Amino acid sequence: MPCAPQAATGAVSLDERFFARDVVTVARELIGATLLVAGVGGVIVETEAYDREDPASHSFSGPTRRNAAMFGPPGRAYVYRSYGIHWCLNFVCGEAGHGSAVLVRALEPRAGLDTMRARRNLDEPRALCAGPGRLTQALGITIAHDGLPLAEPPFAVLPRGCEPPIVAGPRIGISKAAELPWRFGLAGSRFLSRPFPKV
DNA sequence: GGTATGATTGACT
DNA sequence: GTCAATCATACCA
C-alpha cells in the first residue's frame, strides 16, 4: 500500500486512449491501477508485455481464431485458455491491429473478497489472485469476456493515484525471448505470483 | 526446502 | 503427435 489508488469514489475507467500506446509502457503504468470485474477485484501488482515482434507472443505468427482479439482495437480484453484448464486475461494495447497485449498476472485483492474466496475455495487472500490462472478464477473471467471493452461493465480499470515503486524482470513460463525484462511488479508486494530475481 | 506430474484445450508440425 | 503466457498435489530431502 505504498500508494493509494483512486478506486473508491466514482473514478472513470481507463479507456482506449490509455491502452493505445507502446505495450511495455502500458504494462509498466498498469502497476498500481485497480481492476474490477462486476465489482470484484483489486490493485494490479504484476503484468507482462507481449508484442507482435515477440516470439513468445500469441500474435507472433499472425491472427488465428484464438488470438483474434489481440488484433482488434486496444482497450479490450483478450482471454485464452492456458494449458487446457486455466483462463488468462490480457489487455489489448497499441494501435488497432497491432497485435500486442499486457498479461495481467496478479492482483492485491481489495473488493469482493468473499466472492473470490468462494470461487477459489480458499481463505488466504495472498493466494487468491497470485497468478494468471488464479486471478481469472477469482474474478470469474472466461472466454465470454474475450473482446469486451475494459472501460465498460462488467470491466473497470481505475487509474492509480501516483507512481508506485516498480521492479522489472524476465517473464514467467515462456521459453522464447525469455531474456526480455518485460515482467513488471509492485516492489515489495506480498501478492506477486512469484518473487522477482534479486538485482 | 525442493522437484515431478497430471489435467486438458487449441494451434501448429 | 507435441507444445504451451498454469496450478494443485504428491513425493523426496
Side-chain angles (χ1 to χ4, degrees), chain A residues 19 22-28 30-31 35 37 42 44-72 74 76-94 98-109 116-148 150 157 166-186 189-198:
Chain A
F19 294 100
D22 172 68
V23 65
V24 177
T25 302
V26 175
R28 204 184 167 82
L30 277 171
I31 301 299
L35 168 64
V37 181
I44 297 173
V45 297
E46 187 179 344
T47 62
E48 286 180 3
Y50 288 87
D51 188 72
R52 175 66 198 268
E53 273 80 59
D54 170 9
S57 173
H58 288 171
S59 61
F60 183 65
S61 300
T64 64
R65 175 142 76 263
R66 175 172 71 159
N67 68 19
M70 276 187 92
F71 290 92
R76 300 195 178 218
Y78 164 47
V79 181
Y80 70 93
R81 183 147 339 239
S82 175
Y83 290 90
I85 27 196
H86 301 105
W87 299 107
C88 287
L89 172 66
N90 295 249
F91 296 163
V92 178
C93 292
H98 181 72
S100 60
V102 173
L103 171 67
V104 184
R105 289 190 54 90
L107 295 184
E108 175 177 338
M116 294 193 222
R117 287 194 182 101
R119 285 172 177 157
R120 297 267 301 124
N121 190 27
L122 182 79
D123 284 339
E124 174 54 57
R126 199 158 156 172
L128 280 179
C129 298
R134 294 164 165 176
L135 180 156
T136 52
Q137 186 183 11
L139 268 51
I141 289 172
T142 70
I143 192 65
H145 297 85
D146 190 42
L148 296 184
L150 299 169
V157 185
I166 293 175
V167 287
R171 294 172 293 179
I172 292 180
I174 59 172
S175 55
K176 300 167 189 167
E179 72 286 354
L180 287 176
W182 283 5
R183 175 183 179 226
F184 301 99
L186 180 62
S189 173
R190 307 187 316 279
F191 299 92
L192 299 172
S193 66
R194 289 177 46 179
F196 278 75
K198 294 178 182 177

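Predicted, not measured: the structure shown is a model, and the values here were computed from it. Just so it is clear: chains get the letters A, B, ... in the order the sequence lines come, proteins before strands, and each one is counted from 1. Just so you know, these numbers use all the heavy atoms, side chains as well, and skip hydrogens, waters and symmetry mates.
The side chain of H86(A) lies closest to dC7(C), out of dC12(B), dA5(C), dC7(C). For R66(A), taking side-chain heavy atoms from C-beta onward, the closest of the listed nucleotides dA5(C), dT6(C), dA11(B) is dA11(B). Of the candidates dA8(C), dT6(C), dA5(C), the closest approach to any side-chain atom of R134(A) belongs to dA8(C). Closest to the side chain of T64(A), out of dC12(B), dT9(B), dA5(C), is dC12(B). Closest to the side chain of L103(A), from the set dT9(B), dA8(C), dA5(C), is dA5(C).
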Return all side-chain donor-acceptor pairs below 3.5 angstrom for residues 172-183 of chain A, not counting sequence neighbours, or 'none' if the list is empty.
from, atom 1, to, atom 2, distance (Å)
R183(A), NE, E46(A), OE2, 2.8
R183(A), NH2, E46(A), OE2, 2.8
R183(A), NH2, R194(A), O, 2.6

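Heavy atoms of N90(A) sit under 4.0 angstrom from at least one base atom. Residue R183(A) is classed as having no contact, given no heavy-atom separation below 4.0 Å to the nucleic acid. Here G84(A) lies in heavy-atom contact (under 4.0 Å) with a base.
Nucleotides dG10(B) and dA8(C) are separated by 22 Å at their C1' atoms, to the nearest Å.
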- Secondary-structure string, 5' to 3', Watson-Crick or G-U under 3.5 Å, | for another-strand partners, for DNA chain B: |||||||.||||.
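Checking the phosphate oxygens (OP1, OP2) of dA11(B), no side-chain nitrogen or oxygen of R81(A) falls inside 4.0 Å.
Annotation: cation-pi pair R171(A)/Y50(A) present, NZ/CZ under 6.0 Å from the ring centroid and within 45° of its normal.
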- Item | Where protein sits on nucleotides 1-6 of chain B, one letter per nucleotide: B base, S sugar-phosphate only, - none, heavy atoms under 4.0 Å | ------
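No salt bridge links R28(A) with D22(A); every basic N to acidic carboxylate O contact stays at or beyond 4.0 Å.
Counting distance only, with no hydrogens placed and no angle test, the side-chain atoms of Y80(A) and the base atoms of dA5(C) include a donor-acceptor pair under 3.5 Å.
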